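Computed from a predicted model, the values in this text were never measured in an experiment. Atoms considered below: every heavy atom in the structure, side chains included; atoms not considered: hydrogens, waters and symmetry mates. In what follows, chains carry the letters A, B, and so on, assigned in the order in which the sequence lines appear, proteins first and then strands, with residues in each chain numbered from 1.
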2 protein chains.
Amino acid sequence: MDPEERRRAVAEAVFRVVCRDGLEHASLRNVAAEAGLAIGSVRHYFAGHTELMVFAMREMSARLITRLTVHAEHLLDPSEPLTSAERLETAVRMLAEMLPLDEERRTEAVVWLSFAATARTRPELRAHADELYDGLLALTTRILEGARRAGRLHPEADIALEARRLCALLDGLSLEAAFHPGRLDACTMLAVLRAHLTALTPSAG
Amino acid sequence: MDPEERRRAVAEAVFRVVCRDGLEHASLRNVAAEAGLAIGSVRHYFAGHTELMVFAMREMSARLITRLTVHAEHLLDPSEPLTSAERLETAVRMLAEMLPLDEERRTEAVVWLSFAATARTRPELRAHADELYDGLLALTTRILEGARRAGRLHPEADIALEARRLCALLDGLSLEAAFHPGRLDACTMLAVLRAHLTALTPSAG
DNA sequence: TCTTTTATAGCACGGCCATGCTATGTTTTA
DNA sequence: TAAAACATAGCATGGCCGTGCTATAAAAGA
């Protein structure tokens, strides 16, 4: 088996363990068992526990960024002009990629938040956590700037502030759906996001 | 020393350890050292590690609820009518109690989010986490209902949805300030909150 | 075919942990 | 003053952990 593929398979096992049992149980032993490998095999691909965690965190952020970028290209590509309704729908769909709307994305949100919480006191993870946060802020800023250019934003809106607000909303929805499972269904999350974006456009006022 | 006071002092030590080193380091040994006690002494007041964690989580939620309730009484007391500007200011101040605007409240946010993350996979903590979340949702709902009665809310606004949106915003701001220290200052958080509440009132449109 | 590299596996050590149990002061009560 | 209750302290056990190191098998290259 290809080494890189193997590493990714082990990272998948990390995700499953973190989601099911919590990050505190993602020991080399438990991850190896989850991956169906001996602990020695896992250590053949990763120098130690720290390297495994860093790789898994990288893998997760890469996954999120890839998904978001695909949608961002559709939304921000000026070659295919969109109607305002299409614009709103595309924006909702893109930002919804960040929300735990299905089991797969819920797992991602849980894992990501677990890593972010741990990164707070772990220097080797802090950079990645902050990086993704900055990326999210930059992305929402670009979306709002695009909306302004298309005349789909209140003229007096403060883009930097609104980007912060949109980020906080997305993070908050993810947090609640991840940490309080069952209290926030996909439908409600989408409705909240749609309401927020609609309130930002002038036609809604 | 009064037993209950001693228990609270130990809980304070838990908060310091969690904030400084992370919840995964809040062992009986580390907490005892932080509190300046022997491990046996801590165990005299708490049956075990689990009981200590549950008590600390209770203590933290009680602290948050107490602070919020004080402000809520001011805001929702119909005996002293407020001007619209006062209403907005009071609402901002009350909801700001939930935000990590200073070091004390940042500690609380960090500790609370750490507990909430852990509670996801720990039955004995889950109830407390969900309870506080429900309380926050109920509180924002009451505030929005009060605003509606005072004519300070768009008539067509969906209160249940807006309560969810406000909760998510507050949770998101707390999350970002707690997990990405230095990237979100108190001033910006307040500005975001104020912008959100202002956008909910009809005079702003 | 023989050798070298790669993959898989796991033992053994020392560290930190929770906890059962015991010991020693210290206060309160009789 | 004697005894009972409480507070403080810590030892000993057994468990999970990361990691250094070794062992065996498979594959690749000579």
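For the residue pair A:Arg93 and A:His71, no side-chain donor N or O sits within less than 3.5 Å of a side-chain acceptor on the partner.
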Polar-atom pairs under 3.5 Å, protein N or O versus N or O of nucleotides 19-21 of chain D: list them with distances, or write none.
unit_1: D:dT19; atom_1: OP2; unit_2: A:His49; atom_2: N; d: 2.8
unit_1: D:dG20; atom_1: N7; unit_2: A:Arg43; atom_2: NH1; d: 3.1
unit_1: D:dG20; atom_1: N7; unit_2: A:Arg43; atom_2: NH2; d: 3.1
unit_1: D:dG20; atom_1: O6; unit_2: A:Arg43; atom_2: NH1; d: 3.0

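In this structure, B:Leu52 places its CG atom 14 Å from C1' of C:dT19, rounding to the nearest Å. Between the CG atom of B:Asn30 and the C1' atom of C:dG15 there is a distance of 13 Å, given to the nearest Å. Atom-to-atom, CD of A:Glu24 to C1' of C:dC17 comes out at 14 Å; the value is rounded to the nearest Å. For B:His25 and C:dG15, the NE2 to C1' distance is 13 Å, given to the nearest whole Å. Rounding to whole angstrom units, NE2 of residue A:His44 and C1' of D:dA26 are separated by 12 Å.
For the segment residues 114-128 of chain A, no residue has any heavy atom less than 4.0 angstrom from an atom of DNA chain C.
Ion pairing between A:Glu12 and A:Arg63 holds under the 4.0 Å rule for side-chain N and carboxylate O. The pair B:Arg67-B:Glu108 meets the salt-bridge criterion, with a side-chain N (NZ, NE, NH1 or NH2) lying under 4.0 Å from an Asp/Glu carboxylate O.
The only member of A:Arg7, A:Arg43, A:Arg58 that meets salt bridge (charged side-chain N to carboxylate O under 4.0 Å, His left out) when paired with A:Glu51 is A:Arg7. The side chain to side chain contact (heavy atoms under 4.5 Å, CB included) test with A:Ser114 is passed by exactly one of A:Thr118, A:Val110, A:Val111: A:Val110.
Pairs passing the ring-ring contact (aromatic ring centres under 6.0 Å, His included) check and including a residue from residues 119-144 of chain B, sequence neighbours excluded, read A:His180-B:Tyr133.
For A:Ala38, taking side-chain heavy atoms from C-beta onward, the closest of the listed nucleotides C:dA9, D:dG18, D:dA7 is C:dA9.
Between the side chain of B:Thr69 and the main chain of B:Ile65, a donor-acceptor pair closer than 3.5 Å is present.
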